[in-house]
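Before any comments, here is the structure.
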Amino acid sequence: MKILRKQIQLHKLMFLTLASIISMTIPSNGQTLQDIGSNFQSAPQVTIYTAREIITMNPARPKAEAVAVVNGKILAVGTREELGKLIGDQPTRLDKTFNDKVIVPGFIAQHDHPVLAALTMASEVLSIEDWALPGGTKTAVKDKNDFMTRLAAAEKLMEDPDEPLITWGYHPSFYGPLTKADLDKISTTRPVLAWLRSCHEFVLNTKALNTYGIDEGFIKTWGETPQKQSNLAEGRFWEQGMFAVAPKIATILATPEKLETGLEIMRDYMHSKGITFGNEPGGILVKQLQDAVNSMMSGNDMPFRWSFIADGKTLCDKYKDDAQVLEEAGKLETWYYGKTSLAKNQIKLFSDGAIYSQLMQVREPYLDNHHGEWMTDKDVFERAFRIFWDAGYQLHIHVNGDAGLDRVLNTLEINLRRNPRYDHRTVIVHFAVSQKDQVDRLAKLGCIVSGNPYYTAALADNYSKNGLGPERADNMVRMGDVERAGVSFSYHSDMPMAPADPLYLMWCGVNRITTSGRVAGPDQIVSREGALKAVTIEAAYSLKMEDQIGSIESGKLANFTILSDNPATCDPLKIKDIIVWGTVVEGKKQPVGTKNIKSATGYNVTYESDLFSIAALNHIKRIVTGHDHDH
């Protein structure tokens with residue numbers, strides 16, 4: 001892999017050299033110097049950006065003084081003198097906007113969920129962490145009393161007495177149980193719904209239960225498992241119980257209007273964090289819902305592009321013929337346009353359960369002896385893996401526990417021995433609980449890792465006491481071992497599971513400071529350069545886009561994030577405090593605070609409202625549980 005990268009870099013250097021030679025050579029077709037000069041004058045204008053520092057993430061030239069951009073792409077990188085010689089008489093404009101700033105390659109959101117993020121961010125956010133949203137910062141909840149006080153204050157500000165109050169972010173492991181009785185204290189006349197931090201549980205007050213017809217008779221129509229995963233007396237519905245109750249509340253939780261509002265929040269939030277490209281693994285499989293997302297995210301005024309990776313498990317559940325699975329996966333390409341696209345020949349699969357609900361499959365028992373869950377049955381997982389492996393797809397696999405990772409690596413090795421593939425880049429996604437022997441094994445098998453370093457910062461203190469114990473909790477997302485093994489790794493937020501803030505993810509990775517202020521698993525700290533790579537060139541590599549984005553090199557898209565300081569050399573503790581000026585995306589300057597206007601196509605949703613809402617929640621279910629509503 002490293003040899004291949006060096007060859008690519010060498011070819012790019014050769015391209016730059018040839019371009020320089022061509023610019024100084026008279027062709028043998030009879031043209032005069034005046035003719036050549038005239039041709040240059042008619043060529044498109046080149047913009048040269050200068051900065052205090054330009055960090056390229058190109059090992060052949062790590063730093064530069066200036067970067068030349070034409071037609072949305074990088075023409076050349078170097079000193080102003082070098083660029084002047086290369087460009088010659090071609091029209092040029094010098095832009096000194098960033099002379100006191102640091103230019104880095106455009107940040108990449110490797111794994112986030114627009115619909116889930118939109119619906120959670122459009123609610124009353126009261127969570128375990130701060131959320132610095134465009135409309136103001138939602139500070140972390142201190143304790144249950146703080147949650148109740150702030151939720152009551154939000155209720156008092158609502159003018160329509162019948163409007164439901166929806167909040168997201170409460171975490172029982174941090175603040176204690178939340179029940180119907182608690183929400184009844186907020187209001188007995190207004191429906192109140194709490195969507196918990198894990199996104200795996202709802203709690204409703206009495207008014208909500210009565211208004212939406214959720215009673216003993218309705219619950220008895222469910223299967224055995226959803227009934228077991230509900231508690232009507234407490235107004236609590238989790239896992240399959242949550243999705244059994246979802247049709248009753250879908251029209252208040254996931255309306256087209258709420259989705260539009262939430263997508264606007266998500267768009268402006270991510271832009272403010274310097275993101276220039278994003279991706280959702282396990283993309284939407286309902287066209288009308290995707291059309292609604294496209295109407296916000298596909299227009300020219302969207303400040304970044306977004307790709308979607310199809311959900312392989314759902315496709316395999318739906319189609320029993322292997323050829324049809326691949327055929328239907330290919331058809332999804334037609335669903336996108338403009339600034340949204342399908343990540344071709346890439347697929348997402350699911351291994352075990354979620355980190356926030358502690359449903360990872362682990363080798364050693366949990367402290368309380370509860371059991372993890374498999375998101376995909378073994379036979380289904382192996383079939384899906386084989387289908388897409390044999391078709392040459394890159395696999396992105398959701399896995400959180402070390403036993404879950406054993407299943408993934410075992411399946412990968414079987415397929416490598418059966419049908420060897422070069423540069424398959426199977427991505428181990430999330431990577432919460434793992435062991436050192438697994439790092440060695442995934443390196444030998446040619447895997448790469450996309451980890452969420454926020455898990456350690458947010459959860460290590462709590463999970464040391466609840467569920468995992470100190471050793472496993474402190475070594476969550478063991479990227480230090482991954483870096484030392486020479487394995488390519490990227491960072492992601494999985495928003496809303498963590499803030500989609502690349503600088504904050506870097507801070508988490510290079511400091512591993514928990515909520516109590518201690519350092520968890522110091523051996524798993526990564527280098528600052530490695531952390532910066534994880535949100536730029538290695539994130540691009542994980543999406544097979546390293547030839548287009550991720551570093552500042554000739555021929556790539558002119559995507560830059562503009563910062564007040566260099567995260568690779570500043571005080572590691574101050575990385576999260578670096579100010580983002582804005583971005584340059586495909587040559588267009590986009591300061592933070594720029595008013596982003598929705599595409600002229602408008603929010604054209606012809607989906608019947610209740611069906612739209614159910615489709616949105618079913619999409620969320622696929623994200624958080626790996627199952628469709630009817631499975």
Subject >> Pro499 side chain reached by Tyr454 side chain, heavy atoms, under 4.5 Å >> reply: yes

Original post:
Hey, are the side chains of Val408 and Leu442 touching, using non-hydrogen atoms and a 4.5 Å cut-off?
Top reply: no

**OP:** For Val427 and Ser450, work out which heavy atoms get closest and say how close.
**Re:** CG1-CB, 3.8 Å

Subject >> Qualifying residue, where the test is side chain to side chain donor-acceptor pair (under 3.5 Å) with Ser542 and the options are Gln110, Gln394, Arg425 >> reply: Gln110

Original post:
Among all residues two or more places apart in sequence or in another chain, which pass the side chain to side chain contact (heavy atoms under 4.5 Å, CB included) test with Lys273?
Top reply: Ala132, Tyr269, Asp501, Pro502

Original post:
Would Lys533 and Glu483 count as a salt bridge (charged side-chain N to carboxylate O under 4.0 Å, His left out) if you check the C-alpha gap in whole Å, the side-chain angles of each, and the deciding distance to 0.1 Å?
Top reply: CA-CA 11 Å; Lys533 286 180 178 180; Glu483 186 174 40; over 6 Å; no

**OP:** Please examine the side chains of Ile55 and Lys63, heavy atoms only from C-beta on, and report whether any two atoms are closer than 4.5 Å.
**Re:** yes

**OP:** State which residues pass salt bridge (Lys or Arg N to Asp or Glu O under 4.0 Å) with Lys544; sequence neighbours excluded, sorted by chain then number.
**Re:** none

**OP:** Taking the side chain as every heavy atom from C-beta outward, state whether Tyr393 and Ile309 have any pair of such atoms under 4.5 Å apart.
**Re:** no

Original post:
Once you round to the nearest 0.5 Å, how far does NE2 of His396 lie from OG1 of Thr426?
Top reply: 9.0 Å

Original post:
What's the shortest heavy-atom distance between Ile448 and Val487, and which atoms?
Top reply: CA-CG1, 4.0 Å

Subject >> Ser307 to Asn279 - nearest heavy-atom pair and separation >> reply: OG-OD1, 2.8 Å

Original post:
Taking all atoms of both residues into account, what is the closest heavy-atom pair of Thr167 and Ser123, and its distance?
Top reply: C-OG, 4.1 Å

**OP:** Sorted by first residue and then second, give each ring pair (Phe, Tyr, Trp, His ring centres under 6.0 Å) pair with at least one member in residues 44-63; sequence neighbours left out.
**Re:** Tyr49-Phe98

**OP:** Please report the shortest heavy-atom distance between Ile74 and Ser551, naming the atom on each side.
**Re:** CD1-O, 4.3 Å

**OP:** Can you sort out the partners of Glu82 under salt bridge (Lys or Arg N to Asp or Glu O under 4.0 Å), two or more places apart, ordered by chain and number?
**Re:** Arg61

Original post:
Can you check whether Leu505 reaches Ser493 side chain to side chain, under 4.5 Å on heavy atoms?
Top reply: yes

Original post:
So, do Met497 and Ile355 sit near enough that their side-chain heavy atoms are less than 4.5 Å apart?
Top reply: no

Original post:
Can you list the steps and then say if Thr583 with Gln590 is a side-chain hydrogen bond (donor to acceptor under 3.5 Å, both in side chains)?
Top reply: CA-CA 5 Å; Thr583 61; Gln590 301 179 142; 3.1 Å; yes

Original post:
Heavy atoms, side chains only, cut-off 4.5 Å: are Asp494 and His113 in contact?
Top reply: yes

Original post:
Is Asn475 reaching over with its side chain to a backbone N or O of Gly521, donor-acceptor style, under 3.5 angstrom?
Top reply: no

Original post:
Side chains of Gln524 and Asp481: does their closest heavy-atom pair fall under 4.5 Å?
Top reply: yes

Original post:
For Asp571, what residues pass the side chain to side chain contact (heavy atoms under 4.5 Å, CB included) criterion, not counting sequence neighbours?
Top reply: Leu573, Lys574

**OP:** Give a yes or no on this: more than 12 heavy atoms of other residues, nucleotides or ligands lie within 6.0 Å of atom NZ of Lys73.
**Re:** no

Original post:
Only one of Lys348, His430, Lys313 forms a side chain to side chain donor-acceptor pair (under 3.5 Å) with His398, so which one is it?
Top reply: His430

**OP:** For Ala534, check side chain to side chain contact (heavy atoms under 4.5 Å, CB included) against everything at least two apart and list the hits.
**Re:** Phe489, Tyr491

**OP:** May I ask you to decide whether Asp523 forms a salt bridge with Arg512, counting only side-chain N to carboxylate O separations under 4.0 Å?
**Re:** no

Subject >> Distance (rounded to the nearest 0.5 Å) between Met495 CE and Met266 CE >> reply: 7.5 Å

**OP:** List the atom of Trp306, the atom of Glu280, and the distance in Å for their closest heavy-atom pair.
**Re:** NE1-N, 3.4 Å

